[in-house]
Number of protein chains: 2
Amino acid sequence: MEAAADDDVGSRDHVGSLERGLAVMEILAHHPEGMTLTEMAEEAGLTRAGARRFLLTLAATGYATQSGRLFSLSPRLLTVARTWLGGASLWTFAAPIMREVAAKFDEACNAAVLSGEDVVYVARIPGRRILSVALDVGTRLPAYCTSMGRVLLSGLPADELKTFLADATIERRTPKTIIGRAALGKAIDKARADGFAIVDEELELGLRSIAVPIADRAGRTVAAINLSTQSARFSVEAMERDILPVLRRAKERVEEFFFV
Amino acid sequence: MEAAADDDVGSRDHVGSLERGLAVMEILAHHPEGMTLTEMAEEAGLTRAGARRFLLTLAATGYATQSGRLFSLSPRLLTVARTWLGGASLWTFAAPIMREVAAKFDEACNAAVLSGEDVVYVARIPGRRILSVALDVGTRLPAYCTSMGRVLLSGLPADELKTFLADATIERRTPKTIIGRAALGKAIDKARADGFAIVDEELELGLRSIAVPIADRAGRTVAAINLSTQSARFSVEAMERDILPVLRRAKERVEEFFFV
DNA sequence: AACATATGTTCGCAATGCGAACTTTTCTGA
DNA sequence: TCAGAAAAGTTCGCATTGCGAACATATGTT
């Protein structure tokens, strides 16, 4: 049973019964086969009378069901969760997370999905610095030379990636653009192995970005988030050292919104 | 806000604070954009001080987050739900529901999925009456002449159903078996339009069954449940009048365990 | 049937959560 | 920028709510 933040427990702003009731609900979640009153009392550290009250209240409110001596969760929790998730898009939920990332580094934090040979921006938290590339939700950029594109491509099935590498339109945009298809394949493989990609002035001189993939519960890469910076601000090394851990944490938090 | 069962509210076995806290959580679920304290107090029918306590407790326990004046749910609810669902199979959760159906009619209630040209039994609640067909989890029966097969086939994409109708092994098992491929196609179309299928002595004389499809949140038919009876017990008309509503209710309850 | 175990019930009581009132902060419009 | 309105935060007396111990009943096991 996870403890609440310590400094709130003794406070008059705290409802201990709610906390204990939620803990009982969580214990039920760990026991889909059902639990008896005595088992719950032991596991929750409550008296039988106390555990019984919480179980009966969860049953009365529809969160649990009682069958003989066994209490178990009901699908109401799913209904509530579904209502919540269905009320807004993933990127609405992700926005506060991305906002924290953007604010921490004062740079733009973006999200994109793969569409054909492009990435399409699906969310964008501007930084305070002006980047020359005008970006907004809906903007398309070529996948091959963008950090988000690189990690998205790394999540493609092998045959699809092979087709992409064979067929994609690949042009030199800066002296640093990787235009060799074999070298690009290697860069994508590296992104897959690393779990991130840094694109260093391949799209545009002065522009450097780092991206991580967003995977659903089945492990499929469905989106990417990145931080775009002016290359004068962060070296490649600093990106990996300073930005990557933050971006990874954001990735994990966004992924919590995927259910299956 | 849904009321708890009235006869529990005044009881000493009831924890009102838990109930009110869960109600606050549900209201948050309807407001993914976040809510202020005053909005919550109004909607929950609480004083500001009361609403504030519940919100702060939900935040302290990790179920909600506070950003300035806005409170919103956190993904912890998803984590709990995921833990619960991940701890057992769908058919474990469905078993009590199917057991109620079986007990109501004293007949076997079964669940199956489509596998190739067959249905495979994935769950089975026996009735008290002995049916001559020995069935157990894992049993395969031909899809074309079973009620569950019929509704499962009705959920196939058109091209797959066309292939099935063209290629499937179809044999006469009783004088009532539909063996004409066009007629079978029509029966499957009828199952799709009706949302259920009755198979009347097509598999075996003396055996009649009625099935409904189980669909996931995207509307894809992924399984079926049925009630198998001796044909002497229930006429086709009685099945549709008496069993179908019960089976439909069970379908709805089982479908609540699908998240997306 | 006897016994052990688990659950249900009761009720005195104290602690927990209540809300009203006051204070502080934030927002809005001129 | 300032004044006023609105919203949120804080305090604390108090009553009601939830507590647990003890007893009663039901269920399971040998």
Side-chain angles (χ1 to χ4, degrees), chain A residues 1 3-28 31 33-61 63-73 96 99, chain B residues 1 3-28 31 33-61 63-73 96 99:
Chain A
M1 194 189 336
D6 283 348
D7 54 2
D8 288 317
V9 175
S11 154
R12 289 179 153 203
D13 290 336
H14 194 73
V15 183
S17 293
L18 174 57
E19 181 185 12
R20 289 192 291 279
L22 291 170
V24 166
M25 185 176 76
E26 286 196 38
I27 291 168
L28 284 177
H31 293 273
E33 76 285 356
M35 298 179 84
T36 65
L37 167 63
T38 303
E39 288 167 346
M40 175 58 79
E42 280 171 14
E43 189 154 344
L46 299 168
T47 61
R48 284 191 303 99
R52 186 164 176 276
R53 281 196 198 92
F54 288 116
L55 288 169
L56 290 177
T57 302
L58 288 173
T61 51
Y63 283 86
T65 57
Q66 182 181 7
S67 178
R69 295 185 159 188
L70 285 190
F71 290 88
S72 44
L73 277 187
R99 203 165 286 126
Chain B
M1 192 189 335
D6 283 347
D7 54 1
D8 289 316
V9 175
S11 155
R12 288 179 155 202
D13 290 334
H14 194 74
V15 184
S17 293
L18 173 58
E19 181 186 11
R20 287 192 292 278
L22 291 170
V24 166
M25 185 176 75
E26 286 195 36
I27 290 167
L28 284 178
H31 292 272
E33 75 286 354
M35 298 178 85
T36 64
L37 167 63
T38 304
E39 288 167 347
M40 175 57 79
E42 280 172 11
E43 189 155 343
L46 298 168
T47 60
R48 285 192 301 102
R52 187 166 177 274
R53 280 195 198 90
F54 287 117
L55 288 169
L56 289 178
T57 302
L58 288 172
T61 51
Y63 283 86
T65 57
Q66 181 181 8
S67 177
R69 294 183 160 191
L70 286 189
F71 291 87
S72 45
L73 278 186
R99 204 167 284 126

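So that the names make sense, note that chain A is the first sequence line, chain B the second, and so on, each numbered from 1. In this text the structure is predicted, and so the values were computed from the model without any measurement.
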Checklist line | Spacing between B:L55 atom CG and C:dG17 atom C1', to the nearest angstrom | finding: 15 Å
Notebook entry, point to check: Is there a side-chain contact (heavy atoms from CB on, under 4.5 Å) between B:V15 and A:L18 once you walk through the steps?
Noted result: CA-CA 9 Å; B:V15 184; A:L18 174 57; over 6 Å; no
Next item on the list: Round to the nearest Å and state the distance from B:E19 atom CD to D:dT17 atom P.
Entry: 12 Å
Next item on the list: Report the residues that fulfil side chain to side chain contact (heavy atoms under 4.5 Å, CB included) with B:A49, sequence neighbours left out, ordered by chain and then residue number.
Entry: B:T47, B:R53
Note to self: So does B:E19 get a backbone contact from the side chain of A:T61, meaning a donor-acceptor N/O pair under 3.5 Å?
What the structure shows: no
Check: Atom CG in B:L55, atom CG in B:L46: separation rounded to 0.5 Å?
Finding: 9.0 Å
Notebook entry, point to check: Of all residues at least two apart in sequence or in a different chain, which pass the salt bridge (charged side-chain N to carboxylate O under 4.0 Å, His left out) check with A:R52?
Noted result: B:D13
Hey, can you pull the donor-acceptor pairs under 3.5 Å for the side chains in residues 33-41 of chain A, sequence neighbours left out?
residue: A:E33; atom: OE2; partner: A:H31; partner atom: ND1; Å: 3.2
residue: A:T36; atom: OG1; partner: A:E39; partner atom: N; Å: 3.2
residue: A:T36; atom: OG1; partner: A:E39; partner atom: OE1; Å: 3.4
residue: A:E39; atom: OE1; partner: A:T36; partner atom: N; Å: 2.8

Next item on the list: Provide, to the nearest angstrom, the distance between the NE2 atom belonging to A:H14 and the C1' atom belonging to C:dC18.
Entry: 16 Å
Item checked: A:F54 CZ to D:dG18 P, straight-line distance once rounded to whole Å -> 8 Å
Next item on the list: Using a cut-off of strictly less than 4.0 Å, decide whether A:S17 has a side-chain nitrogen or oxygen near OP1 or OP2 of D:dT17.
Entry: no
Note to self: For a side-chain contact (heavy atoms from CB on, under 4.5 Å) check, start with the C-alpha distance between A:L56 and A:Q66, then their side-chain angles and the critical distance, and finish with the verdict.
What the structure shows: CA-CA 8 Å; A:L56 290 177; A:Q66 182 181 7; 3.8 Å; yes
Notebook entry, point to check: Rounded to the nearest Å, what distance is computed from the CE atom of residue A:M40 to the P atom of nucleotide C:dA6?
Noted result: 16 Å
Next item on the list: Do nucleotides 8-13 of chain D as a string where each nucleotide becomes B, S or -: B if the base has a protein heavy atom under 4.0 Å, S if just the sugar-phosphate does, - if no protein is that close.
Entry: BBB-BB
Note to self: Between the opening five pairs and the closing five pairs of the helix from C:dA1-D:dT30 to C:dA30-D:dT1, how far apart are the helix axes, to 10°?
What the structure shows: 60°
Next item on the list: Measure from CG on A:L70 to C1' on C:dA6 and round the result to the nearest Å.
Entry: 12 Å
Margin query: Checking B:R99 now: which residues fulfil side chain to side chain contact (heavy atoms under 4.5 Å, CB included) with it, not counting sequence neighbours?
Written below: B:A95, B:P96, B:I125
